[in-house]
Number of protein chains: 2
Amino acid sequence: MKTPQQLSASLEDYLEAIYLLSRTGKAARSKNIAEHLQVARPSVTAALRTLAEKELIFYKPYGYITLTEKGAWMAGRIVRRHAALEEFFRDVLGVDADAAERAACLAEHAIGPEITLRLTGYLAFVEAEKKSGHNISDSFEAFFKKHQQDIKASCRRRVEKMHSHLADNY
Amino acid sequence: MKTPQQLSASLEDYLEAIYLLSRTGKAARSKNIAEHLQVARPSVTAALRTLAEKELIFYKPYGYITLTEKGAWMAGRIVRRHAALEEFFRDVLGVDADAAERAACLAEHAIGPEITLRLTGYLAFVEAEKKSGHNISDSFEAFFKKHQQDIKASCRRRVEKMHSHLADNY
DNA sequence: CAACATAATTAGCCGAGCCTAACTTTTCAA
DNA sequence: TTGAAAAGTTAGGCTCGGCTAATTATGTTG
């Protein structure tokens, strides 16, 4: 009997932070989590209690925090999803690293396992193509540089069309 | 002087709904918006007041709702962003139409203008490639079918590695 | 034109998730 | 070993975005 365990975006962030802190050697303590997520310490306490209730972490007040098996499994999914998005934004779309990171943080809570899998697959595909001499990202970058103005313009045109459609009924 | 006007995800949804209702001929009235977004009517009233305060809609109690110029401009961006994501999930990643739609609804609030532009550009790129005889989506679909198991397995392996790393310190 | 149906709003509530200020527990060093 | 600093938690309050129930406005029809 699997527990579907839909976590809120916020709780996913906490779980991810705990995983990342554990992984990089830094202790997963309340304070570190607060710093990592840029939230006040009491917010962390509340989140930890919720995660503990859901049996995703081992949590004793004033102690270290570790992931349960279920928690580690979920954290794994969350981290991979994040990585796939960030990599896609950066390496395929050519968004600069910072913006890619920020967008991934926000978008990650929206995409489920199916899309994550296909996204990961797509990244592998682009990689494989590159190895057989066809660099899709480079081709796209050239295409984008060349047609950027057209793309922007086509957006603007659509906006104008909409305006004429909507402007006069009040 | 541009108004940056960062809307919440929820308000973006309301603005998008008003736009879509106007567009498809159905009157943008409180009731229709509630139906479209599957929320209770009083929730709509509150949202409309906020949007009116921000001068994105014309709103008189008990009347029809229309977009201001600023509102129409923002709605346009929101709708294009949504469309780009949905199209990408469906036509490039090959996710089924329903799931693509649902994911787009959630993810759209996370991506900004820069990424929307590049995403739109990427879709145009894939389209252009197809016209010159190179169908990237088909190639990907074949690749995905072939390597799906490997991709899943590589995910699983990473999870297992993580478990061994985390399992024993509590 | 009165009365009823429908649409919309008001009033009041709730939960999630954040915050600050104050208090408690733990740690560490003189 | 004791007391201050650091870490953590409790208490209480805020905003956002939902909800229901009750009320008011609109419009429709006999």
Side-chain angles (χ1 to χ4, degrees), chain A residues 4-18 21-22 25-66 74 78 102 105-110 169-170, chain B residues 4-18 21-22 25-54 56-67 74 78 102 105-110 169-170:
Chain A
Q5 283 288 19
Q6 272 282 65
L7 287 188
S8 68
S10 163
L11 289 180
E12 286 188 348
D13 286 336
Y14 283 101
L15 203 59
E16 187 177 14
I18 293 164
L21 288 171
S22 306
K26 304 187 69 163
R29 307 208 55 153
S30 197
K31 202 209 177 188
N32 305 100
I33 297 166
E35 274 162 8
H36 185 90
L37 294 179
Q38 296 278 292
V39 296
R41 274 122 43 198
S43 308
V44 178
T45 304
L48 293 180
R49 251 203 299 265
T50 309
L51 289 175
E53 262 166 34
K54 295 178 185 295
E55 302 186 353
L56 298 172
I57 60 170
F58 295 110
Y59 170 54
K60 276 211 294 210
Y62 301 99
Y64 285 78
I65 294 127
T66 53
M74 290 201 76
I78 291 164
R102 261 175 292 128
C105 281
L106 295 171
E108 61 176 317
H109 307 295
N169 42 345
Y170 56 93
Chain B
Q5 283 288 20
Q6 272 283 67
L7 289 188
S8 68
S10 163
L11 288 180
E12 286 188 347
D13 286 337
Y14 282 101
L15 203 58
E16 187 178 14
I18 293 164
L21 289 171
S22 305
K26 304 187 68 162
R29 307 208 53 156
S30 197
K31 201 208 177 189
N32 304 103
I33 299 168
E35 274 162 9
H36 185 90
L37 294 178
Q38 295 278 294
V39 296
R41 273 118 41 184
S43 309
V44 178
T45 304
L48 293 180
R49 252 204 297 266
T50 309
L51 289 175
E53 263 166 34
K54 294 179 185 295
L56 299 171
I57 60 171
F58 295 109
Y59 169 55
K60 275 212 293 209
Y62 300 99
Y64 285 78
I65 293 126
T66 53
L67 297 168
M74 290 201 75
I78 291 164
R102 263 176 290 128
C105 280
L106 295 171
E108 61 175 318
H109 308 294
N169 43 342
Y170 56 91

note: A:Tyr59, atom OH; D:dA7, atom C1'; distance rounded to Å ~ 11 Å
Atom CG of B:Asn32 and atom P of C:dA8 are separated, to the nearest Å, by 7 Å
When A:Tyr62 and A:Ala9 are each assigned the nearest nucleotide of DNA chain C, the 5'-most assignment goes to A:Ala9
Here the distance between atom P of C:dG17 and atom CG of A:Asp13, to the nearest Å, is 10 Å
What one should report as the nearest heavy-atom pair of B:Ser22 and B:Ala28 is OG-CB, 4.1 Å
* **Side-chain donor or acceptor of B:Arg29 paired with backbone N/O of B:Tyr62 under 3.5 Å** => yes
Practice task
Identify whether any heavy atom of B:Ser10 sits under 4.0 Å from a base atom; if not, whether one sits that close to sugar-phosphate; answer base, sugar-phosphate or nothing.
Solution key: sugar-phosphate
Whole-Å distance, A:Tyr64 OH to C:dT26 C1', equals 11 Å
Quick one: is A:Tyr14 getting a side-chain N or O under 4.0 Å of the C:dC18 phosphate, OP1 or OP2? yes
From the candidates D:dT20, D:dG18, C:dA7, the one with an atom nearest any side-chain atom of B:Val39 is D:dG18
Sorted by position of nearest nucleotide on DNA chain D, 5' first, the leading residue of B:Arg29 and B:Thr50 is B:Thr50
In whole angstroms, the gap separating P of D:dG18 from CD1 of B:Ile33 amounts to 13 Å
Among C:dA8, C:dC19, D:dA7, the one nearest any side-chain atom of A:Pro42 is C:dC19
For A:Arg41 and D:dA7, is the shortest distance between a side-chain N/O and OP1 or OP2 below 4.0 Å?
no
Rounded to whole Å, the CG-C1' distance (B:Leu48 to C:dA8) equals 10 Å
### Message
Can you see if the side chain of A:Arg49 gets near the phosphate of D:dT10 - specifically, an N or O under 4.0 Å from OP1 or OP2?
### Response
yes
Taken to the nearest whole Å, CD/A:Glu53 to P/C:dA16 is 10 Å
To the nearest angstrom, the NZ-P distance between B:Lys26 and C:dA7 comes to 12 Å
Here the pair of heavy atoms bringing A:Ile57 nearest to A:Ala52 is CG1-N, 3.6 Å
Open item on the list: Within the 4.0 Å heavy-atom criterion, would you say B:Pro61 contacts the bases, only the backbone, or no part of the nucleic acid?
Closed with: sugar-phosphate
#### Entry: Ionic contact status for A:Lys31 with A:Glu35, cut-off 4.0 Å
yes
Partner of B:Tyr14 under side chain to side chain contact (heavy atoms under 4.5 Å, CB included), picked from B:Ile33, B:Leu48, B:Leu7, is B:Ile33
Quiz item: Side-chain N or O of A:Thr45 less than 4.0 angstrom from OP1 or OP2 on D:dT9?
Solution: yes
Quick one: is D:dG17 close enough that its OP1 or OP2 comes under 4.0 Å of any side-chain N or O from B:Ser43?
no
